[in-house]
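Protein chains get the first letters and strands the later ones, always in sequence-line order, with residue 1 at the start of each. If you're wondering where the values come from, they're calculated on a predicted model, not measured in any experiment.
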Protein chains: 2
Amino acid sequence: MRGKVKSSRETAVAAALECFRRFGYEGASLNLLSEATGLGRSSLYHYFPEGKEEIALAAAELVEQRFNELVIGPLQGPEPPMVRLGKAISGLDQFYNGGRDACLIDIFSIGDTATALPGRVKGIAFAVIEAFEKLSADANKRAATNPRASAVRAIVELEGALVLTRATGDRTIFADTLSRLPYILSVS
Amino acid sequence: MRGKVKSSRETAVAAALECFRRFGYEGASLNLLSEATGLGRSSLYHYFPEGKEEIALAAAELVEQRFNELVIGPLQGPEPPMVRLGKAISGLDQFYNGGRDACLIDIFSIGDTATALPGRVKGIAFAVIEAFEKLSADANKRAATNPRASAVRAIVELEGALVLTRATGDRTIFADTLSRLPYILSVS
DNA sequence: GTCTATAGTATGATAGAC
DNA sequence: GTCTATCATACTATAGAC
């Protein structure tokens with residue numbers, strides 16, 4: 001029985017994640033979360049007894065899992081660096097929906113949001129930086145590049161592109177940044 | 001009497017701006033705004049009859065004014081491009097408090113925030129892009145650079161650096177981005 | 001201009017029937 | 001597991017005394 005279709009909780013977390021990305025932590029009210037998940041406020045408390053903070057934490061965990069599948073995993077594959085980066089770029093485009101969806105690193109670092117949340121997304125940020133760093137190091141084994149600085153700059157440009165794409169509505173900004181990643185990380 | 005010191009409204013807007021930058025639009029409740037401004041909820045409605053949205057709009061206008069003074073004005077000065085950019089970099093460092101304070105372009109583009117707000121900050125974003133673009137064009141009059149793309153990339157890196165600095169607490173990210181601006185804009 | 005008081009609504013969260 | 005009903009609190013906003 002279990003495993004055949006996604007459980008209510010799983011689908012609920014995915015819907016809640018959309019909510020948080022669109023409206024922010026404070027903006028995603030239980031009413032919105034209830035509508036988005038189709039669960040009813042009380043049912044939400046059945047799946048997430050600790051309330052809103054637990055929903056947000058589950059959303060952050062889902063992001064971590066998806067990022068591992070779509071970005072970090074491909075970056076660590078056995079193929080040549082450029083192939084790995086190509087897969088990661090596709091994953092990033094998918095994860096951020098072509099620049100339309102916000103990043104929790106941005107969203108969950110605003111305000112006095114609950115204690116566990118900023119730490120969780122901070123961890124994801126560092127994991128991505130490390131993965132980019134290793135890729136850049138692999139691609140430049142005897143060159144005098146600075147993989148760490150390049151990796152940080154890659155995340156900086158991705159986060160900035162998402163902000164500016166959201167603010168201006170111009171999705172070419174995000175697309176251009178994706179296409180710049182090989183250059184930023186010195187992977188060719 | 002009036003004019004000697006800043007009016008209550010002016011100081012209130014400055015305090016409210018701090019609130020919005022720290023907690024976001026939804027997170028900055030009237031209680032927080034009342035505490036921060038020292039005005040009392042009712043007094044806030046005396047200065048801003050339309051309520052919270054008017055306060056946020058006034059904050060956005062203050063940002064526009066400060067940005068003109070600290071960044072856009074210096075960029076348009078008569079000095080050589082590198083001197084102008086140096087002043088703008090100092091202005092950016094001051095405006096963003098060394099990376100500690102968020103950008104309204106980010107904050108006010110989250111959620112279903114009131115109608116006038118996203119448009120207002122979008123305007124500021126385009127104004128900065130244009131100013132950077134002209135500076136880069138001035139500095140590369142017969143070179144084959146792309147001033148528009150460079151200007152967009154400068155804002156992208158600034159916004160991204162602010163996000164990542166806020167999320168990680170590492171202010172060197174913002175400082176490094178400031179020091180990269182001459183390179184990004186091909187101004188030397 | 002600032003205050004107290006308060007309206008009316010939305011919030012996060014709980015209890016208990018089914 | 002989902003429902004209705006409800007709690008206490010916080011929210012934005014208004015009215016009116018001073």
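For A/S42, whose side chain is taken as the heavy atoms from C-beta onward, the closest listed nucleotide among C/dA15, C/dG1, C/dA5 is C/dA15. Nearest to the side chain of A/S43, among C/dA13, D/dT2, C/dT2, sits D/dT2. Closest to the side chain of B/L30, from the set C/dA13, D/dT2, D/dT12, is D/dT12. Nearest to the side-chain atoms of A/H46 among the listed nucleotides C/dT2, D/dT2, D/dA13 stands D/dT2.
The closest donor-acceptor contact from the side chain of B/S34 to the backbone of B/G40 lies under 3.5 Å.
Going from atom CD of B/E35 over to atom P of D/dT12 covers 12 Å, rounded to whole Å. The distance from atom CG of A/L33 to atom C1' of C/dA10 is 14 Å, rounded to the nearest whole Å. Distance, B/R41 CZ to D/dA15 C1': 14 Å, rounded to whole Å. Computed from coordinates, the A/F48 CZ to D/dT2 P distance equals 11 Å when rounded to whole Å. Rounded to a whole Å, the NZ atom of A/K52 is 12 Å from the C1' atom of C/dA10. The distance from atom CD of A/E50 to atom C1' of C/dT14 is 14 Å, rounded to the nearest whole Å. Rounded to whole Å, the distance from CD on A/E54 to P on C/dT14 is 11 Å.
Under the 30°/60° scheme for interplanar angles, the aromatic rings of A/F174 and A/Y96 are found to stand perpendicular.
Exactly one of A/R84, A/Q76, A/M82 qualifies for a side chain to side chain contact (heavy atoms under 4.5 Å, CB included) with A/L135. That residue is A/R84.
In terms of phosphate contacts, B/S29 brings a side-chain nitrogen or oxygen within less than 4.0 Å of OP1 or OP2 of D/dC11. Look at A/N31 and you'll find a side-chain N or O under 4.0 angstrom from OP1 or OP2 of C/dT11. For C/dA15, the OP1/OP2 oxygens have no side-chain nitrogen or oxygen of A/Y45 closer than 4.0 Å.
Under 4.0 Å is where a charged nitrogen must lie from a carboxylate oxygen, and between B/R166 and A/D106 at least one such pair does.
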